[in-house]
2 protein chains.
Amino acid sequence: MLTRGKLATQTGCNIETIRYYETIGLLPAPARTASGYRDYSDEHLRRLNFIQRARSLGFSSEQTQGLLDLTEAEGNKTRADVKSLTEAHIDEISQKIKDLQKIKKRLRQISSFCDGSEKSASTCPILESLFDDN
Amino acid sequence: MLTRGKLATQTGCNIETIRYYETIGLLPAPARTASGYRDYSDEHLRRLNFIQRARSLGFSSEQTQGLLDLTEAEGNKTRADVKSLTEAHIDEISQKIKDLQKIKKRLRQISSFCDGSEKSASTCPILESLFDDN
DNA sequence: CTAAACCCTGTATCTGATACAGGGTAAAGC
DNA sequence: GCTTTACCCTGTATCAGATACAGGGTTTAG
């Protein structure tokens, strides 16, 4: 019996957010016990984990739904449709990875510059470069 | 003269959002013309670009502010402080990159499976794996 | 010198997410 | 069994982040 509370604990998701995802259709409505308690399946657990990851990576609910829809591809979509949709997502994700790597690179520079010294950080000249485009 | 509208156009940011970022302190208040128009600097432009990138990568306003603060390190922070803060951010970013790469890998599998065929996508068995953890 | 295009402020609205209130259910401790 | 505590239910309020709109001034193109 996987109740809403247990699902929340296992995924780290806020318990109210689970209900919210159900109302907006992101997480399918689970089975109910005789007394009306929600009873989730392992499928729900996996799906919610994915949703949380996607949201934390900056995908909107709608985009997340789009990614999930790839797994459910209704009969009216051809493989070619799914393929082009998928590749659009791949491009988007590649861009996110690039951006994150840029930021990471800058932060690494900051970190190594600040090595050891106890002097004020305000004298660190590399910090300014965080804004740059490459 | 870099007005709010021009800044919006150049960054792709919604014009109202710019004002919002000013009210929450994420984007510093710019200079004003005699008639009260905002006049932004290149610094604002760079900063807003960074903010947008950070937000699209799933960092909250607060986290984004934290990243920006690294560039402004007030005198009361030692280099050691900045260093540890920076490394925490690096870890977080590394995790985001890993997650994105997982999703990308799955999508690549989907894409290559769906190659060419005009059959219904619903028969694609790989899609299911999108939820898995590795 | 007028009209369109743009800026200002304040406030309302929307989405995504959480919190809370009022009431029923389950289960641990007597 | 019975009570107490922890949990679930629904509906609604709140909050953050962002966006839209209304009413009015400014700039600029014709």
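Here is how names work: the chains are called A, B, and so on, in the same order as the sequence lines, proteins then strands, and each is numbered from 1. Side chains included, hydrogens not; waters and symmetry mates left out as well; all remaining heavy atoms used.
Within the nucleic acid shown, A:Ile24 has no heavy atom closer than 4.0 Å to any nucleic acid atom. Nucleic acid contact for B:Arg19: base, since at least one base atom lies under 4.0 Å from a heavy atom of the residue.
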Output side-chain donor-acceptor pairs under 3.5 Å for residues 19-26 of chain A, partner residues at least two apart or in another chain, one line each.
{"residue": "A:Arg19", "atom": "NH2", "partner": "A:Glu16", "partner atom": "OE1", "Å": "3.1"}
{"residue": "A:Glu22", "atom": "OE1", "partner": "A:Arg38", "partner atom": "NE", "Å": "2.9"}
{"residue": "A:Thr23", "atom": "OG1", "partner": "A:Tyr20", "partner atom": "O", "Å": "2.7"}

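Nearest-nucleotide mapping onto DNA chain C: of A:Thr33 and A:Leu26, the residue sitting toward the 5' end is A:Leu26.
You'll find a donor-acceptor pair under 3.5 Å spanning the side chain of A:Tyr37 and the base of C:dG24, going by distance alone.
Heavy-atom minimum distance, A:Lys104 versus B:Ser94: NZ-OG, 3.0 Å. A:Gln10 and A:Leu2 make their closest contact through NE2-CD1, 3.8 Å (heavy atoms, listed as atom of the first residue, atom of the second, distance).
Rounded to whole Å, the distance from CG on B:Asn14 to P on C:dC14 is 16 Å. If you take OH of B:Tyr20 and C1' of C:dT15, they are 12 Å apart, rounded to a whole angstrom. Atom CE in A:Met1 sits about 13 Å away from atom P in C:dT25, given to the nearest Å. One interatomic measurement links the two molecules: CZ of A:Arg32 to P of C:dT25, which rounds to 14 Å at whole-angstrom precision.
The phosphate of C:dT25 has neither OP1 nor OP2 within less than 4.0 Å of any side-chain N or O from A:Ser35.
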task = Mind running side-chain contact (heavy atoms from CB on, under 4.5 Å) on B:Leu107 and A:Leu67 for me, showing each step along the way?
result = CA-CA 9 Å; B:Leu107 293 178; A:Leu67 288 166; 4.1 Å; yes
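When only modelled atom types and interatomic distance are considered, B:Gln95 and B:Asp99 share a side-chain donor-acceptor pair under 3.5 Å. Residues A:Gln65 and A:Asp69 bring a donor and an acceptor atom of their side chains to less than 3.5 Å of each other.
With B:Arg47 contributing its side chain and B:Leu27 its backbone, the two residues share no donor-acceptor pair below 3.5 Å. At distances below 3.5 Å, at least one donor-acceptor pair connects side-chain atoms of A:His44 with backbone N or O atoms of A:Ser41.
Salt bridge A:Glu92/A:Lys96: absent, no basic N to carboxylate O contact under 4.0 Å.
Read 5' to 3', the first and last nucleotides of DNA chain D with an atom closer than 4.0 Å to a heavy atom of chain A are D:dC7 to D:dT12.
Applying a 4.0 Å cut-off to non-hydrogen atoms, none of the residues of residues 56-64 of chain A approaches DNA chain D.
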